[in-house]
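Since the structure comes first, as structure tokens, the remarks are kept for the end.
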Amino acid sequence: MKIKIVKNNPFKLPEYETKGSAGVDLQANVESPVVLKPMERHLVPTGLFIEIPEGYEAQVRARSGLAIKHGISLVNGIGTIDSDYRGEIKVILINLGEKDFTINSGDRIAQMVFIKHEQADFELVEELNETERGAGGFGHTGV
Ligand SMILES: O=c1ccn([C@H]2C[C@H](O)[C@@H](COP(=O)(O)OP(=O)(O)OP(=O)(O)O)O2)c(=O)[nH]1
Ligand SMILES: [Mg+2]
């Protein structure tokens with residue numbers, strides 16, 4: 001799919017690292033290194049602005065290497081980039097590790113995946129249909 005992009009950083013355009021990659025890495029675009037102490041969070045700019053076709057979203061997801069090696073995660077779990085958002089893509093990083101973590105400009109801090117989505121047309125009703133599960137959840141089938 002084609003994505004229009006405005007790039008306000010000195011890096012290359014985002015690219016898929018391998019033929020089958022689902023996500024493109026997002027690089028931090030910071031004026032000076034940012035040090036995240038344990039449990040500290042930071043809104044990291046990327047210098048990227050995109051125009052997503054209607055019916056799609058972009059998801060900002062953690063990178064597993066940073067997660068396992070340094071405990072770096074996203075505070076919002078998965079970031080949602082709406083198709084009508086025209087602002088800068090930013091990444092809400094948190095350091096869940098035990099050591100300070102330094103973000104240098106150009107570091108690949110997260111990845112972005114494009115996903116199709118629906119918009120619901122909510123129909124107000126009195127009752128929902130019956131199912132075998134019913135209201136059971138949160139481990140009711142065992143662990
Ligand atoms: O990790 C993220 C999450 C969101 N956004 C941008 C794009 C998204 O379209 C917008 C709003 O995000 P979201 O809907 O998750 O935040 P909100 O707190 O509901 O803000 P709003 O009231 O503006 O929708 O912020 C990012 O750049 N990075
Ligand atoms: Mg919102």
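Keep in mind the model is a prediction, meaning the values are calculated, not measured. These values consider heavy atoms only, across backbone and side chains, with no hydrogens, waters or symmetry-generated copies. This chain uses plain numbering: 1 for the first residue, then up along the sequence. Note that ligands are numbered from 1 as they come in the structure, with each ligand's atoms numbered from 1 the same way.
- For the side chain to side chain contact (heavy atoms under 4.5 Å, CB included) test with E57, the passing option among V113, I81, I115 is I115; the others fail.
- Pocket lining of ligand 1, defined as residues with a non-hydrogen atom under 4.0 Å away: N76, G79, T80, I81, D82, Y85, E88, I89, K90.
- Judged as a ring pair (Phe, Tyr, Trp, His ring centres under 6.0 Å), and not counting sequence neighbours, the contacts of H70 are F101.
- The only member of R86, K4, E88, M112 that meets side chain to side chain contact (heavy atoms under 4.5 Å, CB included) when paired with I50 is M112.
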Set out, in order, the CA-CA distance, both residues' side-chain angles and the distance that settles side chain to side chain contact (heavy atoms under 4.5 Å, CB included) for K7 and L13, then state yes or no. CA-CA 8 Å; K7 193 172 73 70; L13 279 179; 3.8 Å; yes
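- Among pairs with a residue in residues 27-50, none fulfils ring pair (Phe, Tyr, Trp, His ring centres under 6.0 Å), at least two apart in sequence or across chains.
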I'd like a table of donor-acceptor pairs (distance under 3.5 Å, sequence neighbours excluded) in which one partner is a side-chain atom from residues 22-32, with atom names and distances.
unit_1, atom_1, unit_2, atom_2, d
D25, OD2, R108, NH1, 2.7
Q27, NE2, G106, O, 3.0
N29, ND2, N8, O, 3.2

